[in-house]
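A quick write-up on the structure given underneath.
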Amino acid sequence: MNPEIRVRFAPSPTGYLHIGGARTALFNWLFARHHGGKFVLRIEDTDRTRNTEEAAEAIYEGLQWLGLDWDEGPRAGGDFGPYLQSQRTDIYERYLKQLQDGGHIFEDAGALRFRSPREHVVVDDLVCGKIDFDLTNPGTHPDMTIRRPDGSWIFHFVNVIDDIEMKISHVIRGEDHLSNTPKHIELYRALGATTPHFAHIPLILNRDGSKMSKRDEGARVTTYMEQGYAAEAVRNYLCLLGWSPKDNREKIDIDEVIRLFELEKINRRNAAFDLDKCFWLNGQYIAQMSVDRFVELTRPFLEKANIDVPDKGYLRAALAIVKEKVKLLSDVPEWTRYFFTEQYEFDPAAVEKVFGKPEATERLIALRDEFAKIENWTVEEIESSLKTLAQKLGCKTGDLVHPARVAVSGRSVGPSLYHMLEVMGKERVLARFDRMIAQLGAK
RNA sequence: GGCGCGUUCGUCUAGUGGUUAGGACACAGCCCUCUCAAGGCUGGUGCACGGGUUCGACUCCCGUACGCGCUGCCA
């Protein structure tokens with residue numbers, strides 16, 4: 001559609017992907033996809049004191065998890081590589097030479113600085129509008145350093161060089177860079193390069209309005225991966241932070257976001273990350289996703305919990321009925337363990353509450369006998385059998401449901417009892433009833 | 001301190017020079033119900049403050065306050 005549109009996400013490898021960085025990457029990605037342009041990933045690892053390899057890995061994982069595929073960059077290749085700044089020193093040397101030849105560079109205590117032209121610079125930002133910066137005073141806007149005495153490069157310089165070299169058309173980044181932008185523009189001009197369009201997006205803050213740092217809950221994308229969020233839910237939530245479809249939709253398909261996304265519609269105010277709402281949206285996604293996807297997303301969590309499931313059909317049936325109940329994928333093991341083992345635990349409080357009264361045991365025995373007569377072990381048959389018995393005994397449906405639930409699951413909460421029983425199968429249910437009855441009788 | 005950006009329910013947001021200021025999350029209550037959820041219904045809380053401009057401002061302008069960012073040989 002528009003190959004001239006080229007954007008990039010340029011994180012420095014810190015060992016994890018920050019949720020704010022993820023949102024920046026997302027907006028870049030949305031812009032690229034909306035226009036049919038290219039989304040470039042570039043790793044800004046100029047700071048030699050930090051590790052790069054493993055740290056960059058966390059960024060790749062996070063982006064991949066969120067489905068933000070990059071067209072060019074590490075592992076994807078591209079015509080403008082290498083995409084790690086640590087491998088681009090020759091390029092920087094070349095541009096440094098150009099600046100030196102133009103008389104823009106001077107040395108200061110071994111470091112190299114760029115001499116500011118000392119003018120007003122107007123930043124025409126797609127989100128923030130036209131902003132006039134007065135750079136005439138060296139006292140308030142010192143000449144920026146572009147290379148340290150040890151030869152390593154400073155962000156402002158290499159960032160601009162790479163954006164020129166990689167033909168970046170739109171620089172979409174956090175608002176924390178807005179005040180740096182006029183300095184960057186001075187560099188573009190000194191090099192005779194065309195400045196890209198800029199779009200500075202608002203920052204993500206904590207619920208209390210404070211800046212989100214790596215120690216804050218929810219600051220790392222890995223947290224969401226580990227806690228069992230569906231990537232599409234987190235991505236959807238992120239879309240709604242600073243951007244809106246403007247029609248009250250909350251759960252919105254990513255293709256629809258791509259279609260509607262425009263930089264001009266981005267808010268200018270910082271947004272607080274509301275984990276409650278992200279959690280809610282996650283529940284919506286889980287409830288509405290296909291059983292197949294749910295099974296797929298759940299697998300690693302079941303494995304981690306050492307739940308062995310040889311029968312795929314049985315697994316699928318069990319997961320299908322807990323899907324609407326679960327809010328986090330990491331909750332699934334506890335919600336389903338009793339389906340797959342006879343060694344499930346009994347919640348003492350649930351047992352006490354339900355079997356505290358003596359009638360409960362008699363009712364469970366009566367229910368066992370009724371269930372034994374069922375030929376077609378289906379939800380309908382189970383339900384009508386139970387309800388008929390309740391009527392006969394003159395008790396409430398719940399008086400039979402609760403004992404049965406505790407007997408087969410050890411818990412007082414769970415999915416619809418009838419569906420649970422159907423999935424477990426007649427044989428297993430009767431066996432569990434018998435065991436419960438025996439235990440109660442032994443007391 | 002200087003410079004920049006921002007300010008609609010607690011939070012994310014919609015919105016218009018004249019609206020009962022809308023939605024969502026969260027919260028409370030009710031309904032439904034085999035539990036827990038879900039779902040349905042109801043409820044409360046909001047245009048930061050002060051000046052202008054205007055017949056009229058939440059909406060436009062100025063100021064103040066507050067918040068955030070930048071002001072590094074961090075990115």
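In what follows, chains carry the letters A, B, and so on, assigned in the order in which the sequence lines appear, proteins first and then strands, with residues in each chain numbered from 1. Since the structure is predicted, the reported quantities are computational estimates derived from the model, not experimental observations.
Residue-level contact check: A:H200 touches neither bases nor backbone, having no heavy atom under 4.0 Å from any strand. Among the protein residues, A:G242 comes within range of the sugar-phosphate backbone only, with heavy atoms under 4.0 Å from sugar or phosphate atoms but none that close to a base. Looking at heavy-atom distances under 4.0 Å, A:A109 makes contact with a base. A:D108 comes within 4.0 angstrom of a nucleotide base, judged by non-hydrogen atoms across all strands. Across all strands shown, A:P415 has heavy atoms under 4.0 Å from base atoms, whether or not it also approaches the sugar-phosphate. Using a 4.0 Å heavy-atom criterion, one finds that A:H156 contacts the bases of the nucleic acid, with or without backbone contacts as well. Using a 4.0 Å heavy-atom cutoff across all strands shown, A:Y418 reaches at least one base atom of the nucleic acid. If you check every strand for non-hydrogen atoms under 4.0 Å, A:N180 touches a base. The residue A:T140 sits close only to the backbone: its heavy atoms come under 4.0 Å of sugar-phosphate atoms, none of a base. Residue contacts for A:Q288: at a heavy-atom cut-off of 4.0 Å it reaches no nucleic acid atom on any strand shown. Residue-level contact check: A:L417 touches the bases, meaning some heavy atom is under 4.0 Å from a base atom.
Residue A:K325 has its side chain nearest to B:U35 when only B:A14, B:A75, B:U35 are considered. Minimum atom distance to the side chain of A:D274 is reached by B:C25, of the listed B:C25, B:G2, B:C34. Of all nucleotides listed (B:A75, B:C34, B:C73), B:C73 comes nearest to the side chain of A:R113. Closest approach to the A:D276 side chain among B:G72, B:C34, B:A26 is made by B:A26 (side chain taken as heavy atoms from C-beta onward). Nearest to the side chain of A:V401, among B:A26, B:C34, B:G69, sits B:C34. Listed candidates were B:C12, B:C25, B:C34. Nearest to the side chain of A:A272 is B:C12. Closest contact between the side chain of A:R148 and the listed nucleotides B:A24, B:G4, B:C74 involves B:C74. Here the nucleotide nearest the side chain of A:F155, chosen from B:A75, B:A14, B:A24, is B:A75. If you check B:G6, B:C25, B:C68 against the side chain of A:R268, the one that comes closest is B:G6. Checking B:C34, B:A75, B:U35 against the side-chain heavy atoms of A:H177 singles out B:A75 as nearest.
B:G22 and B:C47 are spaced 13 Å apart, taking the P atom of each and rounding to whole Å. As rounded to the nearest Å, B:C58 and B:U19 have P atoms that lie 10 Å from one another. Separating the P atom of B:G10 from that of B:A48 is a span of 11 Å, rounded to the nearest Å. Comparing B:U11 with B:G46, their P atoms are spaced 13 Å from each other, to the whole Å. Remark: the separation of the C1' atoms in B:C12 and B:G52 is 33 Å, to the nearest Å. If you take atom P in B:C3 and the same atom in B:C62, they sit 16 Å apart, rounded to whole Å. Straight-line distance between the C1' atoms of B:U13 and B:U7: roughly 14 Å, to the nearest whole Å. Of the C1' atoms belonging to B:A24 and B:A65, the separation is 30 Å, rounded to the nearest Å.
Atoms CZ (A:R8) and P (B:A75) sit 14 Å apart, rounded to a whole Å.
In this structure, A:R368 forms no cation-pi arrangement with A:F433, as its terminal cationic atom is not both closer than 6.0 Å to the ring centre and no more than 45° off the ring axis. A cation-pi arrangement is absent between A:R405 and A:F346 under the rule of less than 6.0 angstrom and at most 45 degrees off the ring axis. Cation-pi geometry between A:K426 and A:F371 is not satisfied (NZ or CZ under 6.0 Å from the ring centre, within 45° of the ring normal).
Scored by the side-chain contact (heavy atoms from CB on, under 4.5 Å) test, A:A366 finds A:L389, A:L393 as partners (sequence neighbours excluded).
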- Task: Report the C-alpha separation of A:W70 and A:F39 in whole Å, then their side-chain angles, then the decisive distance to 0.1 Å, and conclude whether the ring-ring contact (aromatic ring centres under 6.0 Å, His included) test is met.
- Result: CA-CA 5 Å; A:W70 53 100; A:F39 175 54; 7.6 Å; no

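Between A:H402 and A:D132, the one whose closest nucleotide on RNA chain B sits nearer the 5' end is A:D132. Along RNA chain B, the nucleotide closest to A:K183 and the one closest to A:N248 are compared, and the more 5′ of them pairs with A:N248.
Aromatic ring centroids of A:Y229 and A:Y237 lie 6.0 Å or more apart.
At least one side-chain heavy atom of A:F114 sits less than 4.5 Å from a side-chain heavy atom of A:L187.
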